[in-house]
Participant: 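One structure, pasted below without further comment.
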Amino acid sequence: MEVKTVIKERSENAEKVDTNKNIVYRTDNLNLWYGKDQALKNIDLDIYENEVTAIIGPSGCGKSTYIKTLNRMVELIPIVKTSGKILYRGKNIFDKSYRVEELRTQVGMVFQKPNPFPKSIYENVAYGPKIHGIRDKKIIDEVVERSLRGAAIWDEVKDRLKENAYGLSGGQQQRLCIARCLAIEPDVILMDEPTSALDPISTLKIEELVQELKQKYSIVIVTHNMQQAARISDRTAFFLNGEVVEYTNTNKLFSNPSDKRTEDYITGRFG
Amino acid sequence: MEVKTVIKERSENAEKVDTNKNIVYRTDNLNLWYGKDQALKNIDLDIYENEVTAIIGPSGCGKSTYIKTLNRMVELIPIVKTSGKILYRGKNIFDKSYRVEELRTQVGMVFQKPNPFPKSIYENVAYGPKIHGIRDKKIIDEVVERSLRGAAIWDEVKDRLKENAYGLSGGQQQRLCIARCLAIEPDVILMDEPTSALDPISTLKIEELVQELKQKYSIVIVTHNMQQAARISDRTAFFLNGEVVEYTNTNKLFSNPSDKRTEDYITGRFG
Amino acid sequence: AACGNGDDSGSTPEQQNTEQAEENGNTEGEGEGSDDLAQLEGEVGIDGSSTVGPIMEAVSEEFGAAAPNVKAPIGISGTGGGFKRFVVGETDMSNASREIKDEEAQQAEENGIEYTELEVAFDGISVVVNQENDWIEQLTIDELKTMWIEDGTATKWSDVNPEWPEEEISFYSPGTDSGTYDYFNEVVLEDEPVAKAATLSEDDNVLVKGVQGDKNAIGFFGYSYYLENKDSLKVVPIVNEAGEAVEPTAESIESGDYNPLSRPLYVYVNNASVKDKEQVYQYLKFMLENAGDLAEEVGYVRLPEDKYNEGMETIEGLR
Amino acid sequence: MKLIDQNLINKKMGGRIALNKTFNVIFLIATSLALIVLAILLYRIFTQGFSHLSWDFFQSFASRRPANAGIKAALVGSLWIMAVTIPISLLLGVGTALYLEEYARKNRFTTFIQTNISNLAGVPSIVFGLLGLTLFVREFGLGRSILAGGLTMALLILPVIVVASQEAIRSVPKHLREASLGMGATKWQTIFRIVLPTAIPGILTGSILAFSRAIGETAPLLVVGAFAYVNYLPQNLMSTFTVMPIQIYNWASRPQPAFQDVAAAGIIVLFIFLIVMNSVAVLIRNKFSKRY
Amino acid sequence: MATSNSQTVRDLIKKNKEKRSLLNGVEKAVPIILLLTAIVSILTTFGIVFTLLFETITFFTRVPILDFFTQRDWYPFYGEPSYGIIALISGTLLVTVIAVIVAVPVGLASAIFLSEYASERTRRIIKPILEVLAGIPTIVYGFFALTFVTPVLQSLVPGLGFFNALSPGIVVGIMIVPMIASLSEDAMSSVPNSMREGALAMGATKFEVSMKVVLPAAVSGIMASIVLAISRAIGETMIVTLAGGATPKLTFDPTESIQTMTAYIVQVSSGDAGYGTTVYYSIYAVGMTLFVFTLMMNLLAQYITKRFREEY
Ligand SMILES: Nc1ncnc2c1ncn2[C@@H]1O[C@H](COP(=O)(O)OP(=O)(O)OP(=O)(O)O)[C@@H](O)[C@H]1O
Ligand SMILES: Nc1ncnc2c1ncn2[C@@H]1O[C@H](COP(=O)(O)OP(=O)(O)OP(=O)(O)O)[C@@H](O)[C@H]1O
Ligand SMILES: [Mg+2]
Ligand SMILES: [Mg+2]
Ligand SMILES: O=P([O-])([O-])[O-]
């Protein structure tokens, strides 16, 4: 109940554009500390279904920290402490009873550096279904193919599924990681600078892919490339020193930022 | 003799702006291979005295490779092979008789990630003079102070010269590395993305520093931040796939690029 | 079967016999049941002296050919180490290069272990010097003692006999924890400390090398090590109780002329094992029948025949 | 205003470069020194023992006659000991390493375990022999069996394996773990399916070196009670046994000079064993080292 | 088709979630099992301490502990035995010091060569060969010392006894060279390349980089490797047994024959001493002393690693 009222209140304050969309993630007064250093300060942020949400900001502003909080990966660092709430589909992920494995099954993640497992291409994609107890070889075969197709890499690898994933180029590896993530059919995909280590052509491919994926998934993407954010996202959050300076419709943010700092940043005054 | 005619020919083709300036580095048909992969292709590039020369281009285009060739650091990778010439102050640095230690004494380098030695701040700066056989404590003390002042970090560290350099923040470490480099009074300073790991304020400080340093030194700086290149450099080279696509006056390159690919890049179409 | 010892001036008849028997997959030409032996099973636990070890290894080697299903491995934990296991009943037999000590005997009694002592062969402790040593013809036990004890009176050859050169003697002795040393200590040193200058080693081959390379050296070790190196060492005849200088040879040791430096080697057996374990009994029987030949083959000296028969009777008495 | 005298620098440059060259040679010589020793050692042993090395040598048991003496029992005994030592030390070692690296929090207790392990790594092997004798041979009543010997050896090399495995586990890139956890894998799934397979080359190279040390150890097995003469092959874990180094020691202390050659031949066999094991380690290391 | 299967996968995962209790059980059990394996190492130590302790105590009921530490002679086998551990300790230390003098310069030089000068290929060939050297059975080294090194030394050093501390010291040194070389090389290789680049880019020669940047940065790893090697040298048994002689002696003259603690244990445990005699118990007291020695060395190593660790 409490949750619902909060949602209503907020929706009224928020931009009126998308109130009819479903909220996937609601971040509510989130604070995060690495030991004594506060990396996130009073974050309030709603993420909507079937949208691409971009997070931009200079290095060290907390982008990665935030996105890793969404699937609680940030907890792998023992000194991390949080306060506040993150509601995923209405349930607080910080609740004791919330099983983090379940959360992470629903919320996939793609990292800055492609990080395939040192296994075959096939095994990389099959990994998710397998750990979730799917044994049926037929189903797995199908999942692998469908995921690789979904990540627009099937044609390039279909003849060498048994080869080691490290034989692929960086861009292919990154798409493989996306495929791996698609294999368990998540609800949300988090991407942390997925193209920053890639060449222009691979970057383009992944940008296209993101556009396609948003039909079925909700996507949160961190990027330091403002043009990229402008090109592919529906909504953009600008982070600075652990705070959300501005969060709004992408077009609006880039054409008519309401905060001076946003303007300075997008015009390349710093960062 | 041959060298001189080449210089003349080239100067005629080059932009007419700066022909009266001294050439520090002349790169002449440089090719470089990592094993079988060619990373630099037919590079011709002149670097002028007391200027800031920026090198931009997407990831993997060979920026770092090029700048590391200028002080022959690239040779630390055993599989590297080169052809062509680089004339530093008129002498080919690839000559058998050319002593690389001497070259590197004249040509300082600042790296992407600050890399101070795990020693005290003082020892970091004193390192260069000491290895070059300067023993006089007084002179060293003076060199240390002047270099730290030169790198705009003296005030921040003067009370803790004996402390370990790793206690400094990233931006301070980077300025310390610049100070270390200044201590042996080089002729040229090479900088490989010196601010990419730093916060906005440190970045600003270093940009200001570069502007100041160019009074006394010639500076080559690699950056992926186009605004930075535009702000601080006199001349910019745009690299793509190991080739120099365009090399000209910075203002011209950013306002009126003559190559379509340059335009695509600076407008954020890729990279 | 190829006979390995090329330098053997000729095999004894018994030896040939053994080899033939081996070829026939048979043991000694004793009339009694080789079939019995072939069917025999079980294990014989043997440990103890490294000096006696080679004899017992030879016994086990031959016994193994006759009774392939009996396991008789040999441990060489040293006489003391062997008794340590023997007195708590871990082993059936313990090889020893000295008699059991009071402490050990007491331990055995506490643990209810009754045992019998058997002699299997002689070892003649051989005193040797470098081949270039041309001054020594013989030594008495007293002279040996003067040289070897640590009382500071004799550090040079001339201190022992004024006619001998005025050079430092270098001493080579087995390790102070070996049976050989123990015996020498008892008979020659009479429990006084050995010369501090002495070089001690656990490995007798090392002593051989030491004496070979040092003109002023004197050393002692087991007969077999002298025998194998007699061409490069000079053995010193020792004046025996009867006043004659005697060199260690198979004959002089067996006959007892080489005294007091010849010593018996022992095997201690657990009485209960002989009684309860057929394989132990058979092994002992086999050992007493063949020990003389085998001991000679590995460089020791056989006992007079009636000693073995005596042993056999004792064993039969335990059954 | 120039404080740095470029002339001085240039003048000194030649000397510094020469110094560098000199030390390059000195370092090279130092490295070769160890290799030369190895070469001398190998040469001496091979020239002495090679003539004795034949098929029969592997086919025969020890004998009082040098010509008949073979290494069969010792070779098989060593294999049996390793068959006990390898799985047990690997299980315990990798388990401990996983616990310390993946589960244990940094607290006094884990520091204690860690200190303890590095301390055990320095305890002389003969002390382990005393432990094995008291614990396995006596207390557990295993007697002088392969099991007792193998367990003693397992404890002896355990610390080395723990340290090697920790190193290997630690060097599994964090991003692989993150990738797996990020897909909803549990901790153990991540460890079992990602961390361990990735760390295995490192674990194996470290461990194989430890195993080859175990193969060459004499002192602890002497104390635990390996036999010096065995003329049958072990049949099960409770069998009595001998191992190669003890057999070699036994031969080398025989009076007959011919046994010295037999000992050398035994050493060659031991060497071949060692080199095969080390090569496997190197192969594994080279095969997997470029990955990820 | 695809959509129907899509349902299947999500549903399958959901369904499997429900019967995940088994997985949860594993998840809970694993750390406990692993903890148990970790405890084995502690038990081993306790085992060692207890094994040694009881017999050591028996020993000290017969030989006053004060005598053990203050007497100068170790003569356990004579009518009036004397148990002054100092004589054995001095033998051990003598051998160890010689080994360290040989091994540290050679080992460090090899490490520097491999990590800083050698090509990747050379390193890949030489390192495993060095490791073979570390794996050679010590009895082989022992005979090598006795039959090769000692005669060679005797022709160089006049008056060198057949048994001496020098020869086994050198050979033990050779034996621990690979340990120092390999571990120090690891420590030096893990010094980030960026540091080398920083120095080289200032015109430093490789030698200067090695000595002034890499060595200091790797000093904790190097010290740890040396201390480890020292404890290995202290614990080395067969080499000193074969080539060191068996005469315990308080001396610092490397040409003399000596006995180390380990050699004494071997001598007695493969020797003649009767079970239950004082000599028999003395090996446990010596073993205990050795254990305490290595313990101290290790604590020292830990202290050094902490103290000298460079932050980077
Ligand atoms: N493991 C950590 N321990 C301590 N502080 C950390 C850790 N990781 C990040 N931080 C700090 O948290 C702040 C935010 O870091 P974060 O990685 O989220 O930045 P970012 O916006 O992703 O930067 P970039 O664009 O460089 O990836 C930084 O000040 C950083 O120093
Ligand atoms: N050590 C190496 N071995 C083999 N190839 C290399 C090596 N270093 C770089 N390369 C290749 O050379 C090309 C140019 O690399 P370089 O590092 O110069 O790019 P860059 O422009 O500096 O990129 P970035 O902006 O990411 O630093 C790339 O294709 C890269 O893969
Ligand atoms: Mg980030
Ligand atoms: Mg670069
Ligand atoms: O091994 P021994 O007891 O005979 O020296």
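Source: prediction; values computed, not measured. Naming: A, B, ... by sequence-line order, numbering from 1 per chain.
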Participant: Going from CG on D:Asn116 to OG1 on E:Thr45, what distance comes out if it is rounded to the nearest 0.5 angstrom?
Facilitator: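 Spacing of CG (D:Asn116) from OG1 (E:Thr45) equals 3.5 Å.
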Participant: Under a 4.5 Å heavy-atom cutoff, which of D:Lys21, D:Met244, D:Arg44 has the most pairs with chain E?
Facilitator: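 Top option by heavy-atom pairs under 4.5 Å: D:Arg44.
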Participant: Hey, does the side chain of E:Glu27 reach the backbone of D:Lys187 with a donor-acceptor pair shorter than 3.5 angstrom?
Facilitator: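 Answer holds: yes.
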Participant: Is the shortest side-chain heavy-atom distance between E:Ile42 and D:Phe112 below 4.5 Å?
Facilitator: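 Yes, close enough: below the 4.5 Å cut-off.
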Participant: Which bit of E:Ile33 is near chain D, if near means a heavy-atom gap under 4.5 Å: side chain, backbone, both or neither?
Facilitator: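 Neither part.
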Participant: With only heavy atoms counted, which part of D:Val123 is less than 4.5 Å from chain E, the side chain, the backbone, both or neither?
Facilitator: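 Contact with chain E: backbone and side chain both.
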Participant: Identify which of D:Leu130, D:Leu135, D:Val127 forms the greatest number of heavy-atom pairs closer than 4.5 Å to chain E.
Facilitator: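 Of D:Leu130, D:Leu135, D:Val127, D:Leu130 has the most heavy-atom pairs under 4.5 Å with chain E.
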Participant: For the pair D:Arg16 and E:Glu208, find out whether any cationic side-chain nitrogen is under 4.0 Å from an anionic carboxylate oxygen.
Facilitator: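 Yes.
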Participant: Identify which of E:Gly47, E:Ser231, E:Pro128 forms the greatest number of heavy-atom pairs closer than 4.5 Å to chain D.
Facilitator: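 Answer, by heavy-atom pair count under 4.5 Å with chain D: E:Pro128.
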Participant: Calculate, to the nearest 0.5 Å, the distance between atoms CZ and CD1 belonging to E:Phe113 and D:Ile29 respectively.
Facilitator: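 Interatomic distance, E:Phe113 CZ to D:Ile29 CD1, rounded to 0.5 Å: 10.5 Å.
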Participant: At a 4.5 Å cut-off on heavy atoms, which part of D:Leu41 comes close to chain E: side chain, backbone, both, or neither?
Facilitator: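 Interface part for D:Leu41: both.
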Participant: Passes side chain to side chain contact (heavy atoms under 4.5 Å, CB included), E:Ile126 versus D:Thr31? Steps please.
Facilitator: CA-CA 9 Å; E:Ile126 291 186; D:Thr31 312; 3.9 Å; yes
Participant: Please classify the contact of D:Tyr103 with chain E as side chain, backbone, both or neither, using a heavy-atom distance under 4.5 Å.
Facilitator: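 Answer is side chain: those atoms of D:Tyr103 sit under 4.5 Å from chain E.
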Participant: So which of E:Pro178, E:Ala38, E:Ala181 has the biggest tally of heavy-atom pairs under 4.5 Å with chain D?
Facilitator: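 Heavy-atom pairs under 4.5 Å are most numerous for E:Ala38.
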Participant: What orientation do D:Phe27 and E:Phe207 show, parallel under 30°, tilted 30 to 60°, or perpendicular over 60°?
Facilitator: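 Tilted.
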Participant: So for E:Val106, is it side chain, backbone, both, or neither that comes closer than 4.5 Å to the heavy atoms of chain D?
Facilitator: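 For E:Val106, the contact with chain D is made by backbone and side chain together.
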Participant: Need one label for D:Asn278: side chain, backbone, both or neither, based on atoms under 4.5 Å from any heavy atom in chain E.
Facilitator: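 For D:Asn278, the contact with chain E is made by the side chain alone.
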Participant: If we define contacts as heavy-atom pairs under 4.5 Å, which of E:Val177, E:Leu108, E:Leu133, E:Thr122 has the most with chain D?
Facilitator: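 Looking at each option in turn, the highest pair count goes to E:Leu133.
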Participant: Quick check for you: to the nearest 0.5 Å, what is the distance between D:Tyr99 atom OH and E:Ile32 atom CD1?
Facilitator: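 Between D:Tyr99 OH and E:Ile32 CD1, I get 10.0 Å after rounding to 0.5 Å.
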Participant: Quick check on E:Phe148 against chain D: is it the side chain, the backbone, both or neither that has a heavy atom closer than 4.5 Å?
Facilitator: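 Answer is both: backbone and side chain atoms of E:Phe148 are under 4.5 Å from chain D.
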Participant: Identify which part of E:Val132 has an atom lying under 4.5 Å from any heavy atom of chain D, answering side chain, backbone, both or neither.
Facilitator: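 Both the backbone and the side chain of E:Val132 come within 4.5 Å of chain D.
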Participant: What part of E:Thr147 gets closer than 4.5 Å to chain D, counting heavy atoms only: side chain, backbone, both or neither?
Facilitator: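 Both the backbone and the side chain of E:Thr147 come within 4.5 Å of chain D.
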Participant: Quick check for you: among D:Leu270, D:Ile248, D:Asn24, which has the greatest number of heavy-atom pairs under 4.5 Å with chain E?
Facilitator: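 Between D:Leu270, D:Ile248, D:Asn24, the count favours D:Asn24.
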Participant: Once rounded to the nearest 0.5 Å, what's the spacing between atom CG of D:Asn20 and atom CD of E:Glu116?
Facilitator: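 Those atoms lie 11.0 Å apart.
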Participant: Taking E:Val40, E:Leu36, E:Leu114, E:Val227 one by one, which has the highest count of heavy-atom pairs under 4.5 Å against chain D?
Facilitator: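 Among E:Val40, E:Leu36, E:Leu114, E:Val227, the one with the most close pairs to chain D is E:Val40.
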Participant: Say you draw a straight line from CG of D:Leu92 to OG1 of E:Thr37; how long is it, rounded to the nearest 0.5 Å?
Facilitator: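 Separation between the atoms: 6.5 Å.
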Participant: Where does D:Phe109 contact chain E at under 4.5 Å (heavy atoms): side chain, backbone, both or neither?
Facilitator: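 Just its side chain gets close to chain E.
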Participant: Pick one of side chain, backbone, both or neither for E:Phe50, based on which atoms fall under 4.5 Å of a heavy atom in chain D.
Facilitator: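 Interface part for E:Phe50: neither.
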Participant: What part of E:Phe143 gets closer than 4.5 Å to chain D, counting heavy atoms only: side chain, backbone, both or neither?
Facilitator: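 Interface part for E:Phe143: side chain.
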Participant: Identify which of E:Ile265, E:Ile39, E:Leu299 forms the greatest number of heavy-atom pairs closer than 4.5 Å to chain D.
Facilitator: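 Ranked by heavy-atom pairs under 4.5 Å with chain D, first place is E:Ile265.
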Participant: Regarding D:Ser118 and E:Asn298, do their side chains bring together a donor and an acceptor under 3.5 Å, going by distance alone?
Facilitator: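 Per modelled atom types, D:Ser118 and E:Asn298 side chains form no pair under 3.5 Å.
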Participant: Among D:Ile26, D:Leu158, D:Thr218, single out the residue with the greatest number of heavy-atom pairs under 4.5 Å to chain E.
Facilitator: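 Option with the top pair count is D:Thr218.
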Participant: Need one label for D:Leu28: side chain, backbone, both or neither, based on atoms under 4.5 Å from any heavy atom in chain E.
Facilitator: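 Contact with chain E is through both the backbone and side chain of D:Leu28.
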Participant: How long is the straight-line distance from CE of E:Met238 back to OH of D:Tyr249, given to the nearest 0.5 Å?
Facilitator: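 Nearest 0.5 Å value for the OH-CE distance: 4.0 Å.
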Participant: Is E:Thr44 close to D:Phe128 at the side-chain level, that is, under 4.5 Å between some pair of heavy atoms?
Facilitator: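 Contact flag for D:Phe128/E:Thr44 side chains = yes.
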Participant: Does any backbone or side-chain atom of E:Ile136 lie under 4.5 Å from a heavy atom of chain D? Answer side chain, backbone, both or neither.
Facilitator: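 When you check distances to chain D, atoms from both the backbone and side chain of E:Ile136 fall under 4.5 Å.
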Participant: Check each atom of D:Leu38 against the heavy atoms of chain E and say whether the ones under 4.5 Å are side chain, backbone, both or neither.
Facilitator: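 Both the backbone and the side chain of D:Leu38 come within 4.5 Å of chain E.
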Participant: Using non-hydrogen atoms only, which part of E:Ile174 is less than 4.5 Å away from chain D: side chain, backbone, both, or neither?
Facilitator: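 Interface part for E:Ile174: side chain.
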Participant: Hey, are the side chains of E:Ser41 and D:Leu155 touching, using non-hydrogen atoms and a 4.5 Å cut-off?
Facilitator: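 Contact flag for E:Ser41/D:Leu155 side chains = no.
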Participant: Which region of D:Ile45, side chain (C-beta onward) or backbone (N, CA, C, O), has a non-hydrogen atom less than 4.5 Å from a non-hydrogen atom of chain E, or is it both or neither?
Facilitator: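 Just the side chain, heavy atoms under 4.5 Å.
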